[in-house]
Number of protein chains: 2
Amino acid sequence: MDRIEPALQWNDSPAACLHGLGVSACADCRVRQISVCAALDPHELTEIDSLSHPTAFPAKSTLFTQEDPASAVFNITEGMVRLYKLLPDGRRQIVGFALAGDFLGLALLDRYGVSADAITDTKVCRFSRSAFTAFLDKKPHLLRRLHEFASHELSLAQDQMVLLGRRTADERIAAFLMSLKERFARIGHTSITLPLPMSRQDIADFLGLTIETVSRTFSKLAKSGVIVVVPDGVRLTNLAQIKALATR
Amino acid sequence: MDRIEPALQWNDSPAACLHGLGVSACADCRVRQISVCAALDPHELTEIDSLSHPTAFPAKSTLFTQEDPASAVFNITEGMVRLYKLLPDGRRQIVGFALAGDFLGLALLDRYGVSADAITDTKVCRFSRSAFTAFLDKKPHLLRRLHEFASHELSLAQDQMVLLGRRTADERIAAFLMSLKERFARIGHTSITLPLPMSRQDIADFLGLTIETVSRTFSKLAKSGVIVVVPDGVRLTNLAQIKALATR
DNA sequence: CTGCGACATTGATGCAGGTCAAGCCTGCGC
DNA sequence: GCGCAGGCTTGACCTGCATCAATGTCGCAG
């Protein structure tokens with residue numbers, strides 16, 4: 001319900017935010033921010049800045065819990081967050097990983113639909129929901145942009161349904177690696193090794209597999225030379241092969 | 001990407017639409033319509049009426065196909081539609097069934113994210129996307145309501161992820177029956193037997209199972225007295241049991 | 001009525017991935 | 001340094017669901 005993809009634009013400097021597509025500058029937390037609307041003028045930026053509060057969440061801490069009153073909207077500026085749902089017996093489905101630039105809580109419903117906790121040490125800009133929606137009410141163009149985000153989010157969710165309903169373990173892992181790689185690339189992280197800060201259990205719960213199957217699949221791909229497993233990440237040595245698996 | 005749940009309000013008469021929460025009256029296709037915004041005045045209703053065109057789709061016909069330019073928004077007034085994605089090798093994942101009152105294409109993106117075709121003979125109100133968005137641009141309150149729909153849609157998609165990733169065949173079938181029952185109830189259909197106009201293959205492709213497993217699970221539930229399978233539907237004879245399975 | 005095609009059910013068998021159970025690394029507290 | 005805990009990998013085995021195959025049922029065209 002809550003994760004929003006990073007925008008197509010990523011602006012590293014406040015100036016770029018001011019100038020282009022950026023939205024909340026969150027200036028006092030010297031934070032890179034993500035574009036949300038086609039244009040906000042300097043006055044509006046100042047206004048939205050005043051709504052935001054920088055907050056840090058250490059690894060493993062909870063941002064919010066499913067069914068909690070949705071009191072805030074978050075924009076991640078650093079780190080990684082997992083979003084998940086639990087069944088009463090403890091089975092867990094991770095519905096997404098949120099990276100720097102992603103929004104949480106944009107559904108703007110009364111309660112959070114998922115739980116969220118920090119995988120790594122994480123920094124966010126926090127907006128109170130009431131202030132955020134009040135601002136939104138005055139800026140229809142922003143709302144429109146936000147709706148596009150939500151639509152994109154839904155599209156991703158539907159892709160994930162295909163993955164969970166109809167793909168093999170190999171395909172799931174490959175698709176996971178590809179999409180994570182693309183998301184990191186979009187936020188400017190293009191190192192040769194793809195970081196995997198989440199645990200094997202997290203990956204398993206995201207892909208509808210077990211920890212053992214994830215591990216075995218990594219080993220298998222490594223053995224066939226498609227990836228190299230390194231501490232806290234993988235190197236994708238045969239992208240074509242992975243892509244083939246991912247889109248088959 | 002495109003299905004939107006029927007609203008909490010269902011108004012059967014044009015008068016109710018005019019008066020209360022309803023939106024598009026689609027008057028000339030004498031169609032029951034669904035609420036989308038907190039209030040539209042009579043003038044607005046007349047305006048949106050003029051944007052809509054009644055259209056009929058016979059069973060098995062295609063409303064639109066994934067990646068097609070999204071030229072229209074639809075509101076189903078009668079019948080049932082399946083929304084799905086295909087993998088290159090023909091595997092199919094149905095991401096949702098749309099009932100009377102549901103909107104299709106509300107993502108308002110340039111291209112449809114899924115394919116849609118009619119399961120039964122279906123009637124819709126069709127809005128050209130450009131006219132619809134133009135209208136929307138003038139009515140921020142409508143856009144806000146629409147965003148809530150999309151958020152709810154996303155929430156449903158996430159529930160479906162849990163189902164596909166972490167639930168057993170029995171639980172999937174039970175959850176499917178429960179949610180379909182509730183959706184039919186919400187649009188005023190409360191007969192003793194739950195209609196299942198879609199094929200076993202459709203159910204299988206929605207639940208990430210095979211046709212045989214669906215069939216066997218129905219038989220098993222029937223044998224244990226929880227349901228009775230009838231032509232084109234099931235009777236839920238032990239709701240508590242089904243609910244227990246569905247939410248376990 | 002007969003035959004045919006689409007769909008559903010049921011049974012027999014197979015296998016991808018789950019489960020159980022050792023080990024093995026790595027980091028950390030002492 | 002040592003021991004210990006948490007995470008990861010690997011192997012052996014098991015099972016839930018898929019696959020393959022046969023049969024049944026219904027609607028419809030001729």
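Using five terminal pairs a side, the axes of the helix from C:dC1-D:dG30 to C:dC30-D:dG1 at its two ends make an angle of 30°, given in steps of 10 degrees.
Ring geometry for B:F103 versus B:F149: interplanar angle over 60°, hence perpendicular rather than tilted (30 to 60°).
Every residue two or more places apart in sequence or in another chain that forms a salt bridge (charged side-chain N to carboxylate O under 4.0 Å, His left out) with B:R92 is listed here: B:D202, B:D205. Listed by chain and residue number, nothing satisfies the ring pair (Phe, Tyr, Trp, His ring centres under 6.0 Å) test with A:F218 (two or more places apart in sequence, or in another chain). For the side-chain contact (heavy atoms from CB on, under 4.5 Å) test, residues two or more places apart in sequence or in another chain that qualify with B:P69 are B:R111. Every side-chain contact (heavy atoms from CB on, under 4.5 Å) that A:P195 has, sequence neighbours left out, goes to A:F184, A:H189, A:P197. For A:R129, the salt bridge (charged side-chain N to carboxylate O under 4.0 Å, His left out) test picks out A:D110, with sequence neighbours left out. In terms of the salt bridge (charged side-chain N to carboxylate O under 4.0 Å, His left out) criterion, residue partners of B:K220 (sequence neighbours excluded) are, by chain and number, B:D170. Residues satisfying the salt bridge (charged side-chain N to carboxylate O under 4.0 Å, His left out) test with A:R235, not counting sequence neighbours, are none.
Residue pairs satisfying the salt bridge (Lys or Arg N to Asp or Glu O under 4.0 Å) criterion with at least one member in residues 239-248 of chain A, sequence neighbours excluded, are listed as follows: A:E171-A:R248. Residue pairs that meet the salt bridge (Lys or Arg N to Asp or Glu O under 4.0 Å) test with at least one member in residues 55-65 of chain A, sequence neighbours left out, do not exist here.
Near DNA chain D, meaning a heavy atom under 4.0 Å from it, residues 241-248 of chain B has no residue at all.
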- Give the B/S/- string for nucleotides 7-23 of chain D, one per nucleotide from 5' to 3', where a protein heavy atom under 4.0 Å of the base yields B, of only the sugar-phosphate yields S, and otherwise -. -SBBBB----SSBBB--
